[in-house]
Amino acid sequence: MKQERAMVIVGAGEAGTAAAVALRTGGWPGRVILVGSEATLPYERPPLSKGLLTEAEDSGPKFLITAQRLRELAIEYFAGVNVLSIDRATHAVSLQGGQLLTYERLLLATGARPRMLGVPVDPECRMATLRTYADAVAIRQTLRPGCAVVVIGGGFIGLEVAASAVSRGASVTVLEAGPRLLMRAVPASIAERIKTKHLDAGVRIELDATVAGIEAAEEQSLVSLADGRTFLADLVLVGVGAVPNVELAQAAGLAIEKGIAASDTLATSDPDIFTAGDCCSFLHRLYGERVRLEVWRNAWQQGAVAAANMLGSGSAYESVPWFWSDQYDETLQIAGIYGNSDAAINRDLGDKGQISFYLAPDGRLVAACGFGSLATISKDIRIAEKMIGRRIRPDADALANPAIAIKSLTI
Amino acid sequence: MTKIGEWVEVCTSDALAPEEAMRFDHGGRSFAIIRSAEGNFFAIDGHCSHEKVHLADGIVDGSIIECPKHFGTFDYRTGEARALPACVDLRRYDIKVDSDVVFIKI
């Protein structure tokens with residue numbers, strides 16, 4: 001019996017799930033097989049650091065798709081199954097348990113995992129990272145009024161957990177090795193506004209705080225800094241970045257460069273294998289360089305574009321990177337790639353917030369970061385995103401002037 | 001007390017510019033009132049069906065209104081969800097303009 005041809009997707013996060021749906025809605029008549037390492041239906045990760053930690057009751061993961069919808073689309077979902085290897089010569093992947101799946105085209109949406117601390121840690125210490133629903137449940141169960149939480153890393157995950165933990169009544173200290181928060185992510189003036197929010201909420205923030213080691217201290221952990229200071233914690237959360245899951249691709253001999261290396265159509269060095277999401281480093285035409293994005297919207301947009309290209313559309317992925325983070329009652333949104341430059345054009349919206357714009361040397365708008373209420377910043381960031389995509393060169397003085405509508409600069 | 005199917009006054013027609021949206025709350029419910037580029041008025045449920053974010057803060061483009069948080073989109077003429085992550089349709093409401101006053105039927 002001739003087996004029906006199959007599209008196989010490794011990884012059932014946002015990217016993999018979006019791809020599975022897009023393959024079917026894009027007209028693929030054969031099998032669509034989605035393989036995920038977690039036992040649940042595919043779910044949204046953004047709430048894990050926010051609502052899931054703060055809501056009175058654990059309402060469970062927010063699913064990306066229902067079992068019924070998977071059936072309607074005839075997507076075969078293999079839950080809680082690891083993929084062990086790829087045999088490119090025979091177009092087959094081997095699954096934990098021994099099953100072989102033959103693929104017509106393969107999508108690697110293997111995501112990323114939390115980076116570990118490069119310092120000695122007593123194996124008895126309970127260290128938390130946050131990537132999965134199970135991680136969030138473990139953190140949630142530890143959070144109670146008065147418990148001491150030490151967050152290592154003043155990036156987005158660390159700060160969102162800090163905000164959630166302090167709202168649950170925990171005593172929270174953030175240890176950041178750099179001279180300020182969100183060093184690689186947002187301009188200094190916005191980082192300062194975010195820091196003020198945290199301090200007002202009662203979070204302690206220690207900058208230039210390099211962790212030297214962590215040892216067990218009875219039921220707690222003792223975090224030591226290089227400068228000799230120590231902090232006791234009931235929960236230590238490590239939020240020092242993520243590393244892409246490239247091992248499966250690497251073992252199959254695919255090109256690796258900052259992630260699984262892909263062209264602008266998200267094809268890897270093997271034209272029958274594509275990649276999308278946090279593990280994918282691709283050539284971005286707007287920026288003329290290889291970028292890897294660990295952000296929600298990119299994951300599902302890339303999943304959809306990879307699926308179209310698995311079906312032969314040959315479309316370049318050119319979407320402007322976009323990111324958001326909730327910090328208490330305010331929102332941060334970033335469009336484009338902020339190049340860690342402080343040469344920003346600041347549009348000061350007073351107490352309501354701020355938007356910082358970045359122009360390339362040729363005057364093109366390349367990034368916009370906004371912080372404030374959703375109503376204050378979201379429209380202008382969305383318009384800025386469209387301007388970035390259209391390579392518009394706006395007038396710098398007009399960008400800085402809150403009396404001039406951003407919308408009027410789009411031509 | 002509001003009865004089902006009652007016309008309720010929203011605003012004067014010059015209160016909303018073309019390609020803009022506004023929030024309208026009534027009887028414990030919230031609506032998004034949208035004015036198209038051609039100047040016509042439309043009304044749908046106010047909150048995005050994906051998460052509780054108000055659509056009135058979103059961008060109006062053609063026949064689409066876009067959620068300001070995660071960019072789910074809806075056809076504001078019908079309430080139909082058009083782009084992920086929005087996948088549940090919103091309800092649409094009849095609207096009329098009478099002597100430069102906009103009314104919604106709720």
Side-chain angles (χ1 to χ4, degrees), chain A residues 14-15 17-22 25 42-47 50-51 55 59 62-66 68-69 72-73 295-301 303-304 307 319-320 322-326 330-333 335 370 372-386 405-407 410, chain B residues 10-11 14-25 29-39 42 44-76 80-90:
Chain A
E14 294 274 355
T17 306
V21 173
T25 55
Y43 60 86
E44 293 192 5
R45 295 194 197 280
K50 309 173 182 94
E55 281 160 13
S59 49
K62 187 170 164 62
F63 294 121
L64 289 168
I65 192 163
T66 61
Q68 186 194 339
R69 186 73 179 139
E72 284 168 6
L73 294 171
V295 297
W296 169 83
R297 194 181 75 174
N298 174 71
W300 63 262
Q301 288 186 336
S319 188
V320 175
W322 178 89
F323 172 82
W324 103 96
S325 171
D326 290 339
E330 309 223 56
T331 285
L332 172 83
Q333 290 191 354
S373 73
L374 195 63
T376 307
I377 61 156
S378 63
K379 268 188 197 171
D380 284 345
I381 293 292
R382 187 62 165 143
I383 294 165
E385 183 198 330
K386 292 179 194 230
I406 298 293
K407 204 175 177 178
T410 54
Chain B
V10 177
C11 61
D14 59 2
L16 191 59
E19 289 200 293
E20 293 287 345
M22 64 176 274
R23 177 180 180 138
F24 176 66
D25 294 332
R29 295 159 68 194
S30 194
F31 308 90
I33 313 295
I34 298 113
R35 192 164 192 192
S36 70
E38 299 76 33
F42 299 88
I44 55 176
D45 287 327
H47 289 104
C48 180
S49 55
H50 169 241
E51 275 184 25
K52 202 170 188 287
V53 171
H54 210 286
L55 293 170
D57 296 326
I59 289 212
V60 177
D61 187 6
S63 59
I64 292 295
I65 186 161
E66 181 185 73
C67 172
K69 190 137 192 189
H70 303 130
F71 311 122
T73 61
F74 299 88
D75 186 327
Y76 59 74
E80 192 186 347
R82 294 290 296 276
L84 288 172
C87 49
V88 176
D89 295 347
L90 297 174

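Each chain gets a letter, A, B and so on, in the order its sequence line appears, and its residues count up from 1.
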inquiry  = Does any backbone or side-chain atom of E44(A) lie under 4.5 Å from a heavy atom of chain B? Answer side chain, backbone, both or neither.
reply    =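 For E44(A), side-chain heavy atoms alone lie under 4.5 Å from chain B.
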query = With a 4.5 Å heavy-atom cut-off, do F71(B) and E385(A) have their side chains touching?
reply =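 Yes, close enough: below the 4.5 Å cut-off.
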ask   = Does a side-chain heavy-atom distance below 4.5 Å link K407(A) with E19(B)?
value =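 A side-chain contact under 4.5 Å exists here.
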query = Which one, R69(A), K62(A), E14(A), leads in non-hydrogen pairs under 4.5 Å with chain B?
reply =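 Answer, by heavy-atom pair count under 4.5 Å with chain B: K62(A).
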key: Spacing of CG belonging to L374(A) relative to NE2 belonging to H54(B), to within rounding of 0.5 Å   =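 Answer for the CG-NE2 pair, L374(A) versus H54(B), is 11.5 Å.
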ask   = Any ion pair linking D57(B) and R382(A) (charged N to carboxylate O, less than 4.0 Å)?
value =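 Answer for the salt bridge query: no.
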ask   = What heavy-atom pair brings W324(A) and K69(B) nearest, and what distance separates the two atoms?
value =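 In this case the closest contact between W324(A) and K69(B) is NE1-CE, 3.3 Å.
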